[in-house]
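Excluded from the calculations below are hydrogen atoms, water molecules and symmetry mates; all remaining heavy atoms, backbone and side chain alike, are included. Here is how names work: the chains are called A, B, and so on, in the same order as the sequence lines, proteins then strands, and each is numbered from 1.
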Amino acid sequence: MKRKLFSFQRFLAIIKKEFIQIKRDPISLRIPIVMPIVMMLLFGYAVTTEVDKISTAIFDQSKTQESREYIDRFVASNYFVVKYNVSSERELSDLIDGGKVKAGLIIPSDYANDIRKNRTPQTQLIIDGTDPTTARTALNSGLLVNEVYSRTFKEEAMKKIGSSALKTPGVSMSSKVWYNPNLESTRFTIPGLVGLILQNITIMLTGFALVRERERGTIEQLIVTPIRSIELILGKLIPYIIIGYAGFLFSLALCVFWFKVEVTGSLTLFLLLGFLFVICALSIGMLISTLAKNQLQAMMVTILVLLPSILLSGFVFPREAMPTAIYLIGYAIPLTYFLDITRGIMLKGIGPEFLWNDIIALSIFMVFLLGLATLRFRKSLD
Amino acid sequence: MEYAIEVENLTKRFGSFTAVNNINFKIPKGCIFGFLGPNGSGKSTTIRMLCGVLTPTSGIGRVMGLDIVKDTEAVRQNLGYMSQKFSLYEDLTVEENLDFYAGVYGLPKNVRDARKKELILMANLAGKEKSLAGTLSGGWKQRLALGCALIHKPKMLVLDEPTAGVDPVSRRVFWEIIHALSRQGITILVTTHYMDEAESCDIVGFIFNGNLINEFAPPQEIIQKENAKNLEDVFITYVERVTNTKVSSTFKEMKFLHSNES
């Protein structure tokens, strides 16, 4: 009696059984729909490195038309929102200490006087540096607003003495930002989020696939049947590929229609590579499932895999800024490659000729992980 | 004589613990073999080795003449196994469970439908085809598990405590089925703690702490040889002999003592 290397019938029996079980378990049916919505909306708005509307306190000692004009410039930049007008430095420092404001602008009492006398008045911008991102934005935009404003004064002054700023020598640089001209951080994070959500859903779904059989004791009955590991693993994978892919399409739809981050490059290519990544992530889950003895263990290993992938894949922080060792670990995470692909296709609109490395890496991961899961699952309870 | 099971010097160790210690026995084809012994004596471990769920540490085992280590898959084709714990899918219906195992054993569709009908009838499951397995009561569950274990018409059936936690009526229904199967020529290996059930077996054997403690023989022979009233007394005598301690009184005596105290 020779056992077939791969029996389609046994494989189909597993797929059918898994579908029935998923159908009867409303939680695993809802996850791929609910999770993209919740995570896209939460992360889409939360993971943004843009800081605007910095709450600001103004200590205007001059209280003149000139000083008000200066303040208006700050407000018009949209980076600063005047929350308080204070009347002493003490009051200002209390507000910053209490976290009520992140920045304070101090205008000296002789501000208007200085301007009228063609002197350069000294204003002061105080910034709460606890959060470097906010502080950097406040500092840069504060300096910019100030410089632009003061240049207009200088130009006027030069015109008065008969000279023009345009005639002075210097280097003029025209800069151009590609792919994301307005430097909106959502255009960077939202497409990445598609990959991250996809990974989370799929790893979680399959992470429990085999463990559940072990916990309920059904694995023992399965072992005594002629089923082969590869049939079992692939058969369990198929239904989750469909669910995972549905989740992927769902988050992509949210990305395009809700967040208005459109796919610049080939949609077909992106859908195809999304499929590759779904299988890759599912295989990670399947491998976890062969390692864990119960659902609790599976849960812990899943978290152990998910957390580093969020931080090290370049989803939030640019990998280029990481120390070499950490940077290299990123290469061991499939999400890293898919983020490259996602941002490449969605933002840059590049084709496969620029993405070969990532595609090959993902393919290798898929074959390796699936193979390992199949080998790890031996038909015995030893 | 042709044997359904042959076991030679079979041993299974888990670390430093020896679960099954160098056991030898042979079971002829077509009989019902009752494998008896206290909890944790090595019954389930022996069974799991025979089914290829556990790998023996040493020794040889043959089922229907096939080596349990080298020809594991062939052994499995010949064998229907019902594990101690109910191990079918509770979130699948009776019919879906049968369908699943039919598919996994590679039954063609026409054979499958006929076989399913046959098994539902045999296991008294008629009318429950669409019920979820999880909602069935103990006796029904066990009969469904039996049906699934028989789907591929195995030559041997291995049942690990099939009637644990099952009511007296359901127990009798279940054993009637076992005897009917035996009449069809299927060899049956069954473990149980119910000695009335064991007395209806063709051969019984006792295992304790991983060691066999008697020559396998028909129950009546053993009862006569030990000069006991029934197999329950034999069981207790054996345990007392091996452990060298008296196993307290009969249940009747316990009740008598109790009512005197109060």
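- For the residue pair B/V53 and A/E220, the shortest heavy atom distance occurs at CG1-CG, 4.0 Å.
- Checked by atom type and distance alone, the side chain of B/R76 pairs as donor or acceptor with a backbone atom of A/I223 at under 3.5 Å.
- Most heavy-atom pairs under 4.5 Å with chain A: of the set B/Y89, B/F100, B/Y101, this distinction falls to B/Y89.
- When heavy atoms are compared at a cutoff of 4.5 Å, A/I14 approaches chain B by way of both its backbone and its side chain.
- Here B/R112 contributes atom CZ and A/Q9 contributes atom CD; the two are 7.5 Å apart, rounded to the nearest 0.5 Å.
- The 12-atom threshold is not exceeded at CZ of A/F275, counting heavy atoms of other residues, nucleotides or ligands nearer than 6.0 Å.
- Annotation for B/L88 and A/Q221: closest pair CD2-CG, 4.4 Å, computed over non-hydrogen atoms.
- Annotation for A/G217 and B/S87: closest pair O-CB, 3.0 Å, computed over non-hydrogen atoms.
- The shortest non-hydrogen separation linking B/E73 to A/T225 is OE1-O, 4.0 Å.
- The most heavy-atom pairs under 4.5 Å with chain A, out of B/V104, B/L92, B/N97, B/L132, come from B/V104.
- Surrounding CZ of A/F368 are at most 12 heavy atoms belonging to other residues, nucleotides or ligands under 6.0 Å away.
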Verdict with supporting geometry, B/D91 and A/R216, salt bridge (charged side-chain N to carboxylate O under 4.0 Å, His left out) | CA-CA 11 Å; B/D91 45 359; A/R216 293 181 189 167; 3.7 Å; yes
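- Proximity to chain A involves both the backbone and the side chain of B/T93, based on heavy atoms less than 4.5 angstrom apart.
- Atom CZ of A/F6 sits in a crowded spot, with more than 12 heavy atoms from other residues, nucleotides or ligands closer than 6.0 Å.
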